[in-house]
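Proteins come first, then strands; the chains are lettered A, B, ... in the order of their sequence lines, and each starts at number 1. Keep in mind it's a predicted model, so treat the numbers as computed, not measured.
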Amino acid sequence: SQQGEEDPQALSIQEGENATMNCSYKTSINNLQWYRQNSGRGLVHLILIRSNEREKHSGRLRVTLDTSKKSSSLLITASRAADTASYFCAIADTGRRALTFGSGTRLQVQP
Amino acid sequence: DTGVSQDPRHKITKRGQNVTFRCDPISEHNRLYWYRQTLGQGPEFLTYFQNEAQLEKSRLLSDRFSAERPKGSFSTLEIQRTEQGDSAMYLCASSLEGQGNQPQHFGDGTRLSIL
């Protein structure tokens, strides 16, 4: 079963708008990671946030983590058509090396 | 290109045949992972190596599946007596050893289609 659950499952926005995706999980975590996947390709690591961090930025990406609510969000600001992809959160459970992925948010950015 | 490479990119085979996939990780990475991904879903963990030692296996990895990493470099994933339900994208990833879980670097996968 997949522990990380993303919301929404699909999101369609116009270029220039912001896109927000949410991830909820169930267990204690070491860290939480966000990945992007273009159609037919492998996943690309975007950002890692540790359990003792609350917010992290990387370029147009902003990730927040609320361990009390067991949730995280990914914000992409000023979206571009090239941001069109599926975005996955991945849970790094304490004591395990493998990641547990959610089912993803499919983002479509209209030019 | 020094990323993770997987071979072949596509494999079409008849039910009941055996298939083998290869993964070449980033050279300095000592951790290697195999995942399976079906359409519309996120990757599901199959197995993990640290150097040549297979340290964790998922319940998804039935006895028809076997993975090896003989010299701690490349890895192979074999599926014996393939079934329709084995159709999926098989992804390999590698990472550095370090405290906690490091970012994983993925290959572009091998797409398996069972006829």
Under a 4.5 Å cut-off applied to non-hydrogen side-chain atoms, are [X] and [Y] in contact?
X	Y	value
Glu5(A)	Ser103(A)	yes
Arg80(A)	Glu15(A)	yes
Val109(A)	Ile76(A)	no
Gln110(A)	Ser12(A)	yes
Arg60(A)	Asp83(A)	yes

Honestly, the part of Gln6(B) sitting under 4.5 Å from a heavy atom of chain A is neither

If I measure from the heavy atoms of chain B, does [X] come under 4.5 Å with its side chain, its backbone, both, or neither?
X	result
Gln37(A)	side chain
Leu99(A)	both
Leu43(A)	both

Polar contact flag, side-chain donor to acceptor under 3.5 angstrom, [X]-[Y]:
X	Y	answer
Thr47(B)	Gln54(B)	yes
Ser72(A)	Tyr25(A)	no
Gln33(A)	Gln104(B)	no

Nearest heavy-atom pair of Pro25(B) and Cys23(B): which atoms, and what distance?
CD-O, 3.7 Å

Disulfide bond (SG atoms under 2.5 Å apart) pairs touching residues 41-111 of chain A, sequence neighbours excluded, are Cys23(A)-Cys89(A)

Between chain A and each of Ser58(B), Cys92(B), Ala93(B), Gly40(B), count heavy-atom pairs under 4.5 Å; write down the option with the most.
Gly40(B)

Look up atom CZ in Arg31(B) and atom CD1 in Ile26(B), then write down how far apart they are to the nearest 0.5 Å.
14.5 Å

Does anything in residues 82-90 of chain B reach chain A? List residues with heavy atoms under 4.5 Å apart, or say none.
Met89(B)

Report, by ascending residue number, the residues of residues 69-78 of chain B in heavy-atom contact with chain A at a distance under 4.5 Å; give 'none' if the set is empty.
none

Pair listing, ring pair (Phe, Tyr, Trp, His ring centres under 6.0 Å) test, anchored in residues 71-92 of chain A, at least two apart:
none

